[in-house]
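Below is one structure, written out as structure tokens; comments come after it.
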2 protein chains.
Amino acid sequence: MERKCSNLPFLILMQTSKAIHDQIKVEIAKNKLGITEFSVLEVLYQKGKQTIQQIGTCILVSSGSMTYVIDKLEQRGLLSRNACPDDRRMIHVILTDDGNKLMNEIMPKYHEFVDNMFDTLTSDEAGTLVSLMKKVRDKV
Amino acid sequence: MERKCSNLPFLILMQTSKAIHDQIKVEIAKNKLGITEFSVLEVLYQKGKQTIQQIGTCILVSSGSMTYVIDKLEQRGLLSRNACPDDRRMIHVILTDDGNKLMNEIMPKYHEFVDNMFDTLTSDEAGTLVSLMKKVRDKV
DNA sequence: TTTAAATATCTTGAATATGAGATAATCATA
DNA sequence: TATGATTATCTCATATTCAAGATATTTAAA
């Protein structure tokens, strides 16, 4: 993931994102969830009923991985698959009561955790960081 | 990896790093290498002889993964394991002539590729981006 | 209607990553 | 010199991810 490299912005960007990713992984693991699993639950929690396709597009995960992760979350009783009557190719996914309950517990702590990671920046600095990264992101 | 989130710096940072990571993955795959494989070769190319431990620490990969990736690169004849006479727990790894030749071809193109991703930023902007990200990285 | 193309999901196999535990060597110190 | 702790590597089981192909459905066109 990380490499020594003559390009400093590149190096620091990759180091920073990995550090953040690793921290979040640890935080989320406390709830016996992987990051992808948590991402699926988060989308459903925020948006309600979604197709597998929609979730996968949203969190940038392939259909093969989606099947795998939805399977596991369904087995744990955190979400359920529901056939869509309009278009039987699609499957709607929704949180179960257990899933909702779990997310109600997790999300406040999670948001606080993420905010804490960036609270070393002033509001101005955060804005600058965002605009500079967007320039890079949109070019790549 | 990516999630909708109320924290904008977090969201953009993770999106940007993933976009870059994906691009590099594609670029490196042209040489029939994974990112971890490439990272190992890069460390050896820059630093010469290294122990497996040193390489793993440098590229932030576990010992289990190191054994696997060194195995594959050794099978392809790009590097070789050499027992260390001073401390027989350690194994020195060096690039073979084939490995060196390959890296001589790859590295100039790779550096150009990385530089291109960031050349939308002025020198000042790059400096600002680096210092802001360092603040976040060092806090996390 | 029939066919072809596009779409949505699932299945399978390969690549990659980790952690736990095994093995073996070295180091520290009593 | 013992012996206990640490270190380096490897092995093994498990987990995650993706790509390619299979299946089934819908849509569009002939």
Side-chain angles (χ1 to χ4, degrees), chain A residues 1-3 14 18 21-26 28-41 49-76 79-94, chain B residues 1-3 14 18 21-26 28-41 43 49-76 78-94:
Chain A
M1 189 80 82
E2 309 319 321
R3 286 177 300 296
M14 299 313 271
K18 176 160 173 63
H21 192 266
D22 289 350
Q23 285 296 112
I24 288 183
K25 189 171 173 183
V26 169
I28 289 180
K30 293 176 185 172
N31 308 106
K32 311 285 181 191
L33 291 170
I35 287 192
T36 305
E37 292 171 332
F38 174 72
S39 300
V40 169
L41 297 179
K49 185 174 66 178
Q50 298 278 296
T51 65
I52 292 178
Q53 173 86 2
Q54 287 174 316
I55 302 169
T57 302
C58 186
I59 65 174
L60 305 181
V61 159
S62 70
S63 71
S65 300
M66 284 306 299
T67 297
Y68 172 82
V69 70
I70 298 278
D71 280 351
K72 287 207 318 184
L73 292 170
E74 189 175 29
Q75 282 159 23
R76 284 174 60 179
L79 53 75
S80 66
R81 284 177 162 96
N82 300 87
C84 172
D86 302 335
D87 185 338
R88 277 182 291 174
R89 292 169 305 177
M90 294 198 285
I91 293 181
H92 281 143
V93 181
I94 57 171
Chain B
M1 190 77 83
E2 309 320 320
R3 287 177 299 295
M14 299 314 271
K18 178 162 170 64
H21 193 266
D22 289 350
Q23 285 296 111
I24 288 183
K25 189 171 173 182
V26 170
I28 289 180
K30 293 177 185 172
N31 307 107
K32 312 287 184 190
L33 291 170
I35 286 192
T36 305
E37 292 172 330
F38 174 73
S39 299
V40 170
L41 297 179
V43 169
K49 183 174 67 178
Q50 297 279 294
T51 65
I52 291 178
Q53 172 83 2
Q54 286 174 318
I55 302 169
T57 301
C58 186
I59 65 174
L60 305 181
V61 158
S62 68
S63 71
S65 298
M66 283 307 299
T67 298
Y68 172 81
V69 69
I70 298 278
D71 279 352
K72 288 208 318 184
L73 292 170
E74 189 175 28
Q75 282 159 23
R76 282 173 62 178
L78 297 175
L79 53 75
S80 66
R81 283 176 163 98
N82 300 87
C84 171
D86 302 335
D87 186 337
R88 276 180 293 173
R89 292 170 306 176
M90 295 198 282
I91 292 180
H92 282 142
V93 181
I94 56 172

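Side chains included, hydrogens not; waters and symmetry mates left out as well; all remaining heavy atoms used.
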Check whether any side-chain heavy atom of [X] sits under 4.5 Å from a side-chain heavy atom of [Y], and report yes or no.
| X | Y | result |
| --- | --- | --- |
| A:Leu79 | A:Gln50 | no |
| B:Glu74 | B:Arg81 | yes |
| B:Val93 | B:Ile52 | yes |
| B:Asp71 | B:Gln75 | yes |

Whole-Å distance between [N] [atom2] and [X] [atom1]?
| X | N | atom1 | atom2 | value |
| --- | --- | --- | --- | --- |
| A:Glu74 | C:dT9 | CD | P | 13 Å |
| A:Arg81 | C:dT9 | CZ | C1' | 9 Å |
| A:Gln50 | C:dT9 | CD | C1' | 16 Å |
| B:Gln54 | D:dT7 | CD | P | 15 Å |
| B:His21 | D:dT17 | NE2 | C1' | 12 Å |
| A:Met66 | C:dT11 | CE | C1' | 16 Å |
| B:Phe38 | C:dA15 | CZ | C1' | 19 Å |
| B:Tyr68 | D:dT9 | OH | C1' | 18 Å |

Query - Which atom of B:Arg76 lies closest to which atom of B:Asn31, heavy atoms considered - result: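 What the structure gives for the nearest pair is NH2-O, 3.9 Å.
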
Requested in this report: Taking all non-hydrogen atoms of both residues into account, name the closest pair between A:Ile59 and A:Ser39 and its distance.
Outcome: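 Residues A:Ile59 and A:Ser39, closest heavy atoms: CG2-CB, 3.8 Å.
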
Under 3.5 Å between N/O atoms: give me all the protein pairs with nucleotides 23-27 of chain C, atom names plus distance.
from   : atom 1 : to      : atom 2 : distance (Å)
C:dT26 : OP1    : B:Arg88 : N      : 3.3
C:dT26 : O4'    : B:Arg89 : NE     : 3.4

Looking at [X], I'd like to know whether one of its side-chain N or O atoms comes within less than 4.0 Å of OP1 or OP2 on [N].
| X | N | result |
| --- | --- | --- |
| B:Thr67 | D:dC10 | yes |
| A:Ser62 | D:dA19 | no |
| A:Thr51 | C:dA8 | no |
| A:Gln53 | C:dT9 | yes |

Requested in this report: On DNA chain D, check which nucleotide each of B:Lys25 and B:Ile52 is closest to and give me the residue with the more 5' one.
Outcome: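 Nearest-nucleotide comparison on DNA chain D picks B:Ile52.
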
Requested in this report: Check step by step if side chain to side chain contact (heavy atoms under 4.5 Å, CB included) holds for A:Val61 and A:Ile55.
Outcome: CA-CA 8 Å; A:Val61 159; A:Ile55 302 169; over 6 Å; no

Requested in this report: Kindly indicate whether the side chain of A:Ser63 and the base of D:dC18 share any N or O donor-acceptor pair separated by less than 3.5 Å?
Outcome: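 Per atom types, no contact qualifies.
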
